[in-house]
Each structure stands twice: as structure tokens, then as C-alpha cells.
There are 2 protein chains.
Amino acid sequence: MPSDRDETPAQPTISEVAAEAGVGRATAARTLGGYGYVSAELRERVLAAADRLGYRANALARSVSTGVSHTLGVILADIGNPFFAGVMRGISDTSRARGFDTIVLSTYEDLEEEVAAVNVLIDKRVDGVIIASTAVGRGEVAHIQAALDRGIPVVLVDRAVASLDLDAVVIDNRDAARGAVETLIEAGHRRIGFVWGPPAAQVPATRRELLAEASRNLWTDGERLRGYLDALDDARIPFDPELVMVGRKTEDRVTREVARMLALPDRTTALFCTETEAVTGALRALRAAGLAYPRDVALIGFDDSAWAAVMDPPLTMIEQPVHRLGAKAAEVLLDTIGGAEPARTMHTLRSRLVVRSSVAPPPGS
Amino acid sequence: MPSDRDETPAQPTISEVAAEAGVGRATAARTLGGYGYVSAELRERVLAAADRLGYRANALARSVSTGVSHTLGVILADIGNPFFAGVMRGISDTSRARGFDTIVLSTYEDLEEEVAAVNVLIDKRVDGVIIASTAVGRGEVAHIQAALDRGIPVVLVDRAVASLDLDAVVIDNRDAARGAVETLIEAGHRRIGFVWGPPAAQVPATRRELLAEASRNLWTDGERLRGYLDALDDARIPFDPELVMVGRKTEDRVTREVARMLALPDRTTALFCTETEAVTGALRALRAAGLAYPRDVALIGFDDSAWAAVMDPPLTMIEQPVHRLGAKAAEVLLDTIGGAEPARTMHTLRSRLVVRSSVAPPPGS
DNA sequence: CTGTGACCTGATACCGGTATCACGCGGAGG
DNA sequence: CCTCCGCGTGATACCGGTATCAGGTCACAG
């Protein structure tokens with residue numbers, strides 16, 4: 001086995017480069033590390049030797065020594081979800097441009113997974129963390145606080161967390177929801193179904209309880225509910241718990257719930273969906289009920305996509321600036337890592353209602 | 001500033017734990033590292049001290065020492081693309097389950113970016129690499145070979161690379177394409193448009209040149225072309241370059257190209273699209289031309305999604321096992337890292353034609 | 001009472017970098 | 001001619017872990 005006593009090791013170190021160049025380890029280190037004095041002649045020799053051996057600095061060793069890893073940790077609900085994938089792309093693009101790489105972890109909305117993810121990132125000594133946290137209450141943020149206490153800057157993305165005074169990059173969820181519902185109201189609708197998502201067992205009967213439930217759940221869900229209620233209030237339309245769906249917005253559940261709303265004596269004539277799965281689920285329910293949009297029921301949903309535009313008729317949707325969301329979060333984090341004093345504010349990005357053809361007046365009018 | 005001379009450092013080290021516990025550094029290290037002898041009593045003391053200080057081992061330092069990082073590098077064309085996001089999810093799920101984390105990089109189909117990405121991963125000393133490479137020719141794989149030479153195992157995903165004898169986890173692209181086109185032919189179509197994607201300037205006029213062009217491009221594109229040709233051959237339908245589109249499958253370009261095929265004297269009556277953007281682009285062209293599917297033109301595309309199912313009529317699509325693709329790639333890589341001898345074969349996963357309602361006989365029949 | 005070995009422990013030499021510092025050498029100035 | 005200084009270099013002590021090893025303690029057998 002002649003390949004076993006290879007002369008050039010697979011992963012040459014600074015010492016090997018130094019030996020190859022016939023200089024001291026320190027000289028090779030200074031040349032390769034780009035610090036301190038090295039004469040032009042020796043520099044050439046070292047560089048040539050490094051090139052010959054294919055030397056590449058061990059970033060881990062460097063990080064242990066310097067204390068910085070040039071790595072960002074990213075914790076999302078689900079990297080397979082197109083929304084988060086888009087956010088991730090924004091994070092990835094801007095951090096790479098600034099010389100940082102990223103470790104991504106998905107939590108699937110499980111707080112324990114999130115805690116574990118934070119620990120992984122602490123262990124790997126990332127320079128900062130971007131997180132779309134599933135945490136809500138004061139008692140659920142210990143892991144994030146722990147990272148902060150260790151001096152690791154954290155930026156929230158997509159979801160603010162009330163009990164955490166941190167930079168957060170989000171969209172104007174409340175405004176977006178209100179705008180969408182207003183559009184529906186302006187078209188003449190009063191029975192507007194809200195395809196919502198907190199994991200409550202059943203829809204609270206009163207407004208007060210509803211709001212309370214909202215604050216016990218994901219910030220985005222709470223904001224979108226408030227926006228829905230805002231629009232209803234402005235138009236003096238009373239809130240009806242029968243028109244609100246609760247629980248995970250999986251396509252199946254949405255389909256069943258929307259079917260229920262559609263079967264009500266005083267049935268829903270418009271639907272506002274707060275997620276992509278909610279839209280596709282609603283569409284399924286419509287078809288099953290033999291109803292067509294916008295003729296029988298109007299529809300507006302969150303998260304525009306190429307598909308929404310080619311539907312027949314094309315769907316009116318809320319477009320979120322996904323890339324910007326990630327990019328901005330990375331910018332804020334990178335600035336903090338760079339030494340800037342964190343603003344600890346909410347950076348609110350504008351969403352956009354893309355008006356197409358899924359809204360029309362209710363049947364009777 | 002009393003917080004400055006903090007007694008408990010933000011990121012305590014083994015030495016600090018040892019001091020706190022009143023034992024030697026080595027004893028603390030053995031306890032925390034879980035190797036060698038430690039008496040029950042001292043172990044307790046060390047553990048208690050570690051707990052008090054909130055000790056978490058520095059994974060980077062450990063990696064420098066042990067030579068393994070428990071980190072996988074993943075290089076994809078675009079993490080923002082739902083297909084790759086799904087693959088990434090598969091990779092992420094199975095590697096996390098085995099104690100590995102992942103660093104993801106997007107290349108946007110740029111070879112230089114890919115080379116840079118490999119270097120980043122080499123520098124960060126990942127234990128293995130999964131890559132959906134944009135490399136094709138023998139002259140484009142030096143960076144991958146370099147990683148291999150350094151002893152870093154590499155597994156290809158989605159795209160095989162002819163000049164690289166490595167494990168590759170892919171789907172049966174050729175079969176899938178042939179099956180789809182056969183379905184179209186069986187419905188009676190003979191003028192089948194192929195919305196393809198190699199970045200050639202124009203469609204080669206002859207079969208021979210076309211095949212040559214195919215081998216100069218992404219493996220997936222080549223395979224799908226071969227499958228298209230296979231089906232045509234079996235049915236003795238001559239290949240017509242006018243029915244093939246070339247160049248990046250962006251929605252705009254697809255729309256224009258499909259419009260062209262639709263305007264041909266002997267126009268296209270069926271379309272086979274090799275990517276999601278190709279499908280949405282085709283749909284736009286159909287609408288612009290005032291044509292409906294499946295009545296005026298039949299349609300089959302790659303990459304099923306929830307949207308395709310709720311279209312009206314619902315689309316017949318090829319479903320790729322995205323999660324499995326990533327999961328399998330991670331499994332193969334992890335096994336290799338674990339010491340298994342790499343099989344260096346193509347692991348071909350089955351895709352599935354999800355038959356819905358976008359295929360009907362051509363208008364005339 | 002000594003020899004032997006099992007059981008523990010701390011010292012110490014790694015890993016591959018960063019960064020400082022002592023010192024040799026040569027030239028300029030007194 | 002000697003001193004001093006600056007340039008350039010290698011030695012060396014870090015960083016925070018892993019892993020080995022020498023040696024001390026103690027029980028028990030001979």
C-alpha cells in the first residue's frame with residue numbers, strides 16, 4: 001500500500017507548510033494569517049509551499065483561538081416551507097456577502113426542539129442567532145435569554161416575542177390583515193370566514209377571550225386576528241366565533257372547517273386565509289361544495305406565489321417580502337456583531353395586497 | 001460597572017469548572033468528556049460545578065482536537081427553491097437525528113460559487129458534503145476531486161455527474177419523462193412541446209446534435225430529454241426542433257416560447273414541462289392565447305405541489321420524493337462517514353405520475 | 001511486612017491555529 | 001569602534017478541548 005505513506009498529507013497544517021518552505025512555524029503562520037512582519041522573499045517561499053501542498057487554513061482552529069466563528073445560526077419553524085425557505089435565502093445571501101456562513105435548524109414549532117437548537121448553536125460558538133421562535137410566554141424564553149447572557153446576539157425574524165426586548169424583523173401583519181378584510185367588506189361582505197391557526201381546542205366565544213387566546217399564541221397569529229377584528233369593528237360588523245377556525249392550518253383541517261362555515265345557515269361569503277395551506281385547503285372545500293370563487297365566495301390569502309397568479313381566476317393575495325425579511329434580519333444581526341449598539345426595536349417591513357380576481361360582491365347583492 | 005468584573009464568565013471553560021469544583025483540569029475534562037476514570041464523588045462535584053456555571057463544551061475546540069466536526073456541508077442550487085428546500089428538509093431531518101448539523105450554501109447554478117462553497121466547507125472541516133452540482137464536464141470537477149483527495153466524502157444529490165464515480169441519490173428522470181410523454185401520446189398527441197432547460201443559444205436541428213448538447217449540460221436535463229425522445233421513438237414520431245425550448249426555464253421565457261409553439265401552423269397540442277416555473281409559464285401562455293387545458297392542449301409537468309391539485313382542472317404532475325431524496329443522500333453520506341465502504345453507485349428513487357385532469361385527446365380527434 | 005495490582009488523580013503533550021516577544025543581525029550615528 | 005535601533009525571525013504561550021501516562025493510595029495476597 002504505497003498510498004499509505006503519502007508524503008503530502010491530505011489536510012496540511014501550518015507546520016507542514018513551514019517545513020516545506022524551510023522557515024519557522026511562526027513565519028509561515030504570519031504569512032498565511034496576514035499579520036506581523038515577513039520579508040518579501042520568505043513570503044514568496046511560504047506562499048509557494050502552501051500552494052504546492054494545497055494548504056487551507058483550519059477555520060475551526062482559528063475560531064478557537066480568535067473566539068469568532070464567522071458563522072450565523074438560524075432557527076426556523078421548517079426549512080421545507082417555501083416561506084421560510086425564502087427567508088433563509090435572504091439570510092444566506094446577505095451573510096455570505098459579508099463573509100459569514102449559516103447553520104440552519106428546523107423546530108417544527110416544537111419548543112423543545114428549539115431549546116435543543118439553541119444549545120447546538122451555543123456549542124458551535126456561532127457569532128449570532130436569527131430565530132423565528134415558537135416561544136410566546138415569559139416562561140418560554142429562557143433558552144434565548146441564555147444565549148443572550150452568553151453574549152450571543154439574537155435577532156427575531158417573522159415573529160416578535162412580547163417578553164423579549166430584541167431587534168425583530170417582521171411584516172405589518174395587523175395592517176395586512178385589516179387591509180385584506182377591508183377589501184372584502186368593501187366588496188359588500190359581512191360574513192367573513194377567518195382561517196386562523198392557534199392550537200386552541202375551540203374558538204373562544206367572546207371577543208375578550210379570543211384576544212386573550214391570541215396573546216397566548218404566536219405573535220403573527222395574534223396580529224392577524226387583531227387586524228381582522230379591526231376591520232370588522234370599523235365596519236360595525238359583530239364578531240361571530242362560528243366564522244373563525246382554530247388549530248393548525250393543515251390542508252385537511254382547513255378543508256373541513258371551511259366546509260363547516262360554508263354549510264352554516266347564514267353561510268360565509270368570503271374567506272380570509274392566513275397561510276398557503278389555508279388557501280389550498282379552502283379551495284378544496286369550495287370545490288367539494290360545488291361553489292366557485294369569486295362568484296359564490298370571495299377569497300384572499302396570505303403568501304403570494306406564482307401559482308396564485310395562474311389560477312383561474314387568479315387569486316388576490318398578500319405578498320410578503322420574504323427575501324427582504326431574511327436579508328434585513330441578517331443585516332441587523334451582522335451590524336450588532338460588528339459592534340453596533342442594537343436598536344432593540346421592531347423593524348416592520350411592508351407587505352402588499354396583490355389584487356387579482358378572487359374578490360367579487362356576495363351572491364345576493 | 002459592577003457587571004464588568006463578573007465572577008462567572010459568560011462562556012465558562014473546563015478549567016473554570018475544574019477550579020469551581022476544586023479538582024484538576026483533567027478530572028473535570030474526563031467527567032465532562034465522559035472518558036476515563038472518575039470517582040463518583042468527584043464526578044458529582046464536577047457536574048454540580050458545571051451546572052452552576054452553565055458549562056457547555058466548546059464544540060469547535062473539541063473538533064480541532066478530535067478531527068471530526070459532526071457537521072455536514074450541503075451545496076444546492078438555491079435554498080429558496082421549494083424543490084431544494086424539500087430536499088434540504090430531508091437532509092436536515094436525518095442528519096440531526098444522527099447528531100449532525102448542516103451548513104447550507106446556494107450556488108445559483110454558478111460554478112465559481114460552487115467552488116467557493118466547497119472551499120468554505122473544507123475550511124470549516126465538515127465531515128462530509130452533499131452536493132447538487134452544476135458541474136458537468138471532466139474539467140469542471142476539480143473542486144469536488146479536491147475535497148475527495150482531502151478525505152472528505154461526497155455524495156451527489158438530484159444530479160449525477162458523469163465524470164465522477166460517486167454515490168449519487170437521484171430519481172428516475174428518464175423513465176419519468178418517458179412515462180409522462182407516453183401518457184400524452186396515448187391520449188392521441190403527436191405534436192408534443194418540450195419545455196426544456198439547457199442554456200444553449202438555440203435548439204440543435206438534428207437529433208444527434210441535440211443529444212450532444214444534452215450531454216454538455218445538467219444530467220437531469222439530459223435524462224429528461226432522453227426520456228422524451230424514447231417515448232417519441234417508441235411511437236415513431238419524428239423529433240421536431242421547433243417543439244423544443246432551450247435556455248433557462250424562467251416563467252417569462254417559457255411564456256414566450258410556449259406562445260411560439262402554440263402559434264405554429266401545425267401547433268403544439270400537448271406540453272411537457274420539466275420544472276415548476278415551466279408549468280406556470282405555460283399556463284400564462286395558454287391564457288394569453290385564449291386556450292384552455294385539457295380541451296385545447298394537454299399538460300404534464302414536473303414537481304407536484306398542493307397548488308397543482310387545486311387548479312381547475314387539477315394538473316397531472318410528476319411527483320418527486322423530495323424528502324426521501326435528501327434523507328437518502330444524508331443516510332449514504334453518514335454511513336460513509338461512519339466507516340462504511342462507499343458503494344459508488346446511483347441510488348435511483350422512484351418518482352410518481354400523479355394523474356389528474358390536465359390530459360385529454362387533442363382537439364381534432 | 002512486602003509485593004502487586006486496581007483504582008484514581010493531576011500533569012502534560014497533543015490538535016492547528018493566533019499573537020507576542022526575545023533576540024540575532026546589519027546599518028547608521030556618535 | 002561601540003552603541004543603539006529597527007527589521008526580521010523563530011520560540012513560545014496562549015485558545016479550549018482530548019487523551020495518555022506517571023505516580024500516589026490502598027487493599028489484599030503471599
Side-chain angles (χ1 to χ4, degrees), chain A residues 8-47 49-50 53-71 122-127 150-152, chain B residues 8-47 49-50 53-71 122-127 150-152:
Chain A
T8 47
Q11 301 264 53
T13 69
I14 271 200
S15 302
E16 277 138 9
V17 173
E20 170 82 11
V23 304
R25 207 168 79 93
T27 304
R30 275 194 306 265
T31 307
L32 269 5
Y35 57 93
Y37 270 114
V38 186
S39 66
E41 193 212 330
L42 287 199
R43 151 168 292 116
E44 279 314 306
R45 290 232 310 266
V46 170
L47 257 19
L53 299 183
Y55 173 79
R56 296 233 105 224
N58 181 331
L60 302 181
R62 175 172 292 164
S63 295
V64 170
S65 189
T66 60
V68 300
S69 62
H70 286 276
T71 304
I122 288 175
D123 292 354
K124 296 237 158 131
R125 297 303 192 261
V126 296
D127 296 333
R150 286 181 135 86
I152 303 174
Chain B
T8 48
Q11 301 264 54
T13 68
I14 272 201
S15 301
E16 277 137 8
V17 173
E20 169 82 11
V23 303
R25 207 169 80 95
T27 303
R30 276 195 305 268
T31 308
L32 270 4
Y35 57 93
Y37 271 112
V38 186
S39 66
E41 192 212 331
L42 286 200
R43 151 169 294 118
E44 278 316 303
R45 287 228 319 260
V46 171
L47 258 19
L53 299 183
Y55 173 79
R56 295 232 105 225
N58 182 331
L60 302 181
R62 176 172 291 163
S63 295
V64 171
S65 189
T66 59
V68 299
S69 61
H70 286 275
T71 305
I122 288 175
D123 293 353
K124 296 238 158 129
R125 297 302 192 263
V126 297
D127 295 333
R150 285 182 135 85
I152 303 174

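Values below: every heavy atom of this structure, side chains too, minus hydrogens, waters and symmetry copies. Predicted model, so just to flag it, every value in this text is computed and none were measured. The sequence lines fix the lettering, A, B, ..., with proteins before strands; numbering per chain opens at 1.
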### Task
Side chain of B:Ala26 only, please: which of C:dT12, D:dG16, C:dC8 is the nearest?
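Of the candidates, C:dT12 comes closest.
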### Query
Between A:Thr13 and A:Asn58, is any pair of side-chain heavy atoms under 4.5 Å apart?
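Counting from C-beta outward, A:Thr13 and A:Asn58 never come under 4.5 Å.
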### Message
Is there a side-chain contact between A:Gln11 and B:Ile122 in this structure, where contact means two heavy atoms from C-beta onward sitting under 4.5 Å apart?
### Response
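Yes, side chains in contact.
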Hey, does the side-chain of [X] have a donor or acceptor N/O within less than 3.5 Å of a partner on the base of [N]?
X: B:Arg125; N: C:dG16; result: no
X: A:Arg30; N: D:dG8; result: no
X: B:Arg25; N: D:dG17; result: yes

Between [X] and [N], does any side-chain N or O lie under 4.0 Å from OP1 or OP2?
X: B:Ser65; N: D:dA19; answer: no
X: A:Thr27; N: D:dT9; answer: no
X: B:Tyr37; N: C:dC7; answer: yes

### Query
Is there a donor-acceptor pair under 3.5 Å between the side chain of A:Arg45 and the backbone N or O of A:Ala21?
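Yes.
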### Message
Looking at B:Ala61, is its backbone amide N or carbonyl O close enough to the side chain of B:Ser65 to form a donor-acceptor pair, meaning the two atoms are under 3.5 Å apart?
### Response
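Side chain of B:Ser65 to backbone of B:Ala61, a donor-acceptor pair under 3.5 Å: no, none is there.
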I need the [atom1]-[atom2] distance between [X] and [N], as an integer number of Å.
X: A:Arg62; N: C:dT18; atom1: CZ; atom2: C1'; result: 9 Å
X: A:Lys124; N: D:dG16; atom1: NZ; atom2: P; result: 19 Å
X: A:Gln11; N: C:dG16; atom1: CD; atom2: P; result: 10 Å
X: A:Arg56; N: C:dG17; atom1: CZ; atom2: P; result: 12 Å
X: B:Leu60; N: D:dC15; atom1: CG; atom2: C1'; result: 11 Å
X: B:Arg43; N: C:dC8; atom1: CZ; atom2: P; result: 10 Å
X: B:Ile14; N: C:dG10; atom1: CD1; atom2: P; result: 13 Å
X: A:Asp123; N: D:dG16; atom1: CG; atom2: P; result: 15 Å

### Task
Select base, sugar-phosphate, or nothing to describe what B:Leu42 touches, counting heavy atoms under 4.0 Å on all strands.
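Sugar-phosphate only.
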#### Entry: Separation of B:Arg43 CZ from B:Leu32 CG (nearest 0.5 Å)
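That separation rounds to 10.0 Å.
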#### Entry: Whichever of A:Ala40 and A:Ala61 has its nearest DNA chain D nucleotide further upstream toward 5'
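Taking each residue's closest nucleotide, the earlier one in sequence belongs to A:Ala40.
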### Query
Between B:Ala28 and A:Ala57, which has a closest nucleotide on DNA chain C that is more 5'?
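Closer to the 5' end of DNA chain C: B:Ala28.
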